[in-house]
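We use all heavy atoms of the structure for the numbers below, so side chains are in, but hydrogens, waters and symmetry mates are not.
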Amino acid sequence: MNPLIYVSIILFSFAAIFIIAYICIKDKKEAFGFDRNMKDKEIIKRLYGYIKPYYKILFLIFFIILFTNSADIILPLISGDIISILQTKGGFKYSLIVNDVIFYVTLLLLSLICVYIQAIILQKIGQKIVSKLREDLFTHIEGLSANQLNHIPVGKLVTRVANDTNAVSMMFTNIFVNLFKNAILVIGFVVAMFLVNVKLALLVMCFVPFIILFTLIFVKFSRRAYRKVKNTTTDMNTFLSENLSGMKITQIFNQENKKMKEFNQRNEALRKSKYGRIAVFSIFRPTVYMLYVLNLLLLFYLAGSDAINNVTFLNQVITCETIVIFYTYIGSFFNPIQTLAEQFDSLQSAFASSEKIFSILDMKNEIVDDENAIEIEHLQGEIEFKDVWFAYNENEWVLKGVSFKILPKQTVALVGSTGSGKSTILSLLVRNYDIQKGQILIDGIDIKKIKISSLRKHFGQMLQDVFIFSGTIRSNIVLRDENISDEQIIQACEYVNAMHFINKLDNKLDEVVRERGNNFSAGQRQLISFARTIVHKPEVMILDEATANIDTETEVLIQDSLNKMMNIGTMIIVAHRLSTIQHADNIIVLSHGNIIEQGNHQQLLKNKGKYYKLYQLQFHKEQIKNNI
């Protein structure tokens, strides 16, 4: 009985060590991010909506799994039968062995073909599901308000759309199916072992409590390790997204070393978290293998002793074929158990990713259409602000009772110091934010009663920080709208003087645009944005500091473009350079969220108020600049 004593000592020693380790971290689980707000049942219910269209195909997968599992259980029995034939007294029939071998090979090949078919089908379904999930997620993000997007780091959104959806894809294509397959396989092996020999089956079952104990403890450690990896990965993505976009600022202010230290801190945290996860698996796998080896040792010891001494149990005799069958079954029994534990951990991780995805999908858009919101086909361009109050943060008013009216086809300029509310007015017009008090009217209709998509399609916005997408000049102008012809593009470019530089390019409109348009000057990007606005024929145009940071030569082209565009429709301009708005029909001067004066250029100069002082200040600066 010495082997039994030694094995018992080893098993209980390991069990004691794991239990002590579990107790040590049990009270700290909240610190390691174990808690989730959504229950697994709720997550599965929501994910079911994505699986439902493919339930017929999944039934086919179910039957394929049953067949492959049956094959895994039957194959060791065929091996045992071959050994039984070889031990036949008086010689064996070669034809019986051939039949068994043919059956074995046929069953094995069919099983491999089924596994291949299963993998292909699951990958196709998984990619369709994750594609739909990504579309829903990206569409929902597009619908979030400017305020909501400002509060979510871009790196976090990238992680949700890219990394977290991949984890969900793995759950559909691998984890769910293999969890089911391995669970059925374990049950099948247990039943088969009891049918072959009860005593040896009970021997294997003695190890099951230890397997369950070690697996439960492993899942806790593994979940802790995986959450750390996920959190540090998100932190790294957020850092990279922000700092790669702002690399020029880092270089200008000579902050490379500081940013490198910050990167190294995050990189080191990610490395340690991944090492921690590797350490957990490096302990669990050898532990399960140890159980497997100990089980084999006891199998050979007890089975060998009983076979030699002709011991029977429940009228069952242990033979050589019985030992071979159990040797195969034990190996096959421990493998799915180990896989089950690891896949259960992956399942929990996928649930964590699913929850993070649903947390984005569950964000209710702050700017929504009214129930009876209408579509508008055409705008005259009359705009009116009636006692408008607005604050980004509660009780910190940016606009305080602002009222003004813009007639159709008028050009109106907003002037004032930084923080006076100029850009805020432009954002409110297209409902990037909703006002707290007052009313904003377009053609006499409250903008809240107009569908957001319908409202915005009538506006053309040209901002100081022009965003240019990767692609070509043509794709940036039409924004993938196939209904816009090349002739219309060229007319728009000529109208805003963009052809002045486009004709000098090797590929003209098909010139490649690199990320954020960094292969073009600020002025060229601005002219492209003008052409983009004109080609979509807006009734109201918004220019927010469109002439800032532009060289003198390009400013002349842009100013000429502005003068032309004033004839297209209603135009609202925000500009610090007062020389660009002298021809505006009305100039509204803002200060601390209030309108302090308004009128045309000549009227405001005569009043000698705030506008007059700003104009004089800029005029003297220009004189000094010219003298230099």
Side-chain angles (χ1 to χ4, degrees), residues 139-150 363-394 396-414 416 420-463 479 532-533 536-546 565-566 568-574 584-586 588 590 593-595 598:
T139 301
H140 187 75
I141 291 171
E142 281 187 314
L144 296 177
S145 70
N147 183 50
Q148 289 170 301
L149 292 173
N150 288 338
M363 289 180 67
K364 293 184 178 179
N365 194 348
E366 295 174 347
I367 313 296
V368 295
D369 287 326
D370 188 78
E371 280 187 23
N372 301 315
I374 61 172
E375 293 271 358
I376 48 175
E377 294 298 324
H378 180 72
L379 281 181
Q380 295 296 324
E382 181 184 286
I383 299 169
E384 185 175 4
F385 272 55
K386 286 187 173 182
D387 193 29
V388 171
W389 290 72
F390 174 77
Y392 293 103
N393 301 311
E394 191 174 357
E396 295 179 11
W397 298 107
V398 178
L399 297 181
K400 307 168 186 176
V402 171
S403 297
F404 62 84
K405 188 171 185 178
I406 302 173
L407 299 176
K409 303 286 186 179
Q410 266 194 337
T411 297
V412 173
L414 303 175
S420 59
K422 305 184 300 297
S423 296
T424 298
I425 289 174
L426 303 185
S427 293
L428 295 177
L429 268 174
V430 291
R431 288 194 71 190
N432 286 336
Y433 301 89
D434 269 344
I435 60 176
Q436 283 84 17
K437 301 178 187 178
Q439 198 176 28
I440 301 175
L441 305 175
I442 298 284
D443 289 354
I445 305 171
D446 192 320
I447 61 172
K448 290 184 179 180
K449 295 180 180 179
I450 303 172
K451 288 186 178 180
I452 296 171
S453 58
S454 179
L455 174 70
R456 290 174 181 171
K457 76 178 181 181
H458 295 286
F459 281 81
Q461 298 189 58
M462 293 154 281
L463 309 179
L479 295 178
R532 177 164 62 196
T533 301
H536 286 89
K537 301 177 181 178
E539 283 93 357
V540 180
M541 285 175 289
I542 292 173
L543 283 83
D544 189 359
E545 299 291 352
M565 287 189 287
M566 286 179 184
I568 295 175
T570 305
M571 180 178 285
I572 305 172
I573 305 173
V574 168
D585 298 307
N586 189 27
I588 298 172
L590 293 157
N594 295 297
I595 295 177
Q598 60 178 310

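Here the straight-line distance linking atom CD1 of Ile572 with atom CG of Asn586 works out to 11.0 Å at 0.5 Å rounding. Taken to the nearest 0.5 Å, the CD atom of Glu375 stands 10.5 Å off from the CG atom of Leu455. Going from atom CE of Met541 over to atom CD1 of Ile573 covers 9.0 Å, rounded to the nearest 0.5 Å. Rounding to the nearest 0.5 Å gives a distance of 11.0 Å between CD1 of Ile374 and CG of Asp369. Here the CD atom belonging to Glu539 is positioned 8.5 Å from the NZ atom belonging to Lys409, to the nearest 0.5 angstrom. The structure places CD1 of Ile367 at 6.0 Å from CZ of Arg431, a figure rounded to the nearest 0.5 Å.
A perpendicular orientation is assigned to the rings of Trp389 and Trp397, their planes being inclined by more than 60° (bins at 30° and 60°).
By the 6.0 Å contact criterion, CD on Glu394 is open, its count of non-hydrogen atoms from other residues, nucleotides or ligands being 12 or less. Counting heavy atoms of neighbouring residues, nucleotides and ligands inside a 6.0 Å radius, atom NZ of Lys449 does not exceed 12 of them.
Contact check for Phe404 versus Val412: no side-chain heavy atoms found under the 4.5 Å cut-off. Here the side chains of Ile588 and Val402 are not in contact, with every heavy-atom distance at 4.5 Å or above. No side-chain heavy atom of Ile435 sits less than 4.5 Å from a side-chain heavy atom of Leu399. With contacts defined as side-chain heavy-atom distances shorter than 4.5 Å, the pair Tyr392/Thr424 qualifies. Residues Glu382 and Lys405 form a side-chain contact, since some pair of their non-hydrogen atoms from C-beta on lies under 4.5 Å apart. Counting only heavy atoms from C-beta outward, the side chains of Asp370 and Lys448 never approach each other to under 4.5 Å.
Contact between His458 and Leu379 at its shortest, heavy atoms only, is CB-CD1, 3.4 Å. Closest approach of Pro538 to Gly460, counting heavy atoms only: CB-N, 3.4 Å. Residue Gly421 comes nearest to Val398 through the heavy atom pair CA-CG1, 4.1 Å, listed as atom of the first residue, atom of the second, then distance. Nearest heavy atoms, Ser420 versus Leu590: CB-O, 3.6 Å.
For Lys422 (side chain) and Gly416 (main-chain N/O), a donor-acceptor pair under 3.5 Å exists by modelled atom type. For Gln439 (side chain) and Glu384 (main-chain N/O), no donor-acceptor pair under 3.5 Å exists by modelled atom type. For Thr570 (side chain) and Pro408 (main-chain N/O), no donor-acceptor pair under 3.5 Å exists by modelled atom type. Without hydrogens or angle criteria, His536 side chain to Leu479 main chain gives no donor-acceptor distance under 3.5 Å. A donor-acceptor pair under 3.5 Å is absent between the side-chain atoms of Asp443 and the main chain of Ile445, judged by distance alone.
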Next on the checklist: For a side chain to side chain contact (heavy atoms under 4.5 Å, CB included) check, start with the C-alpha distance between Leu441 and Ile383, then their side-chain angles and the critical distance, and finish with the verdict.
Outcome noted: CA-CA 6 Å; Leu441 305 175; Ile383 299 169; over 6 Å; no

Item to check | Pair Leu149-Ile141, side chain to side chain contact (heavy atoms under 4.5 Å, CB included): steps then yes or no | outcome: CA-CA 8 Å; Leu149 292 173; Ile141 291 171; 4.0 Å; yes

Next on the checklist: Show, in sequence, the C-alpha distance, side-chain angles and deciding distance for Ile447 and Leu429, and conclude whether the side chain to side chain contact (heavy atoms under 4.5 Å, CB included) test is met.
Outcome noted: CA-CA 8 Å; Ile447 61 172; Leu429 268 174; 5.8 Å; no

Checklist entry - Which is it for Asp585 and Met571 under the side chain to side chain contact (heavy atoms under 4.5 Å, CB included) test, yes or no, and what are the steps along the way? => result CA-CA 10 Å; Asp585 298 307; Met571 180 178 285; over 6 Å; no

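The ring pair (Phe, Tyr, Trp, His ring centres under 6.0 Å) test applied to Phe459 returns no partner, not counting sequence neighbours.
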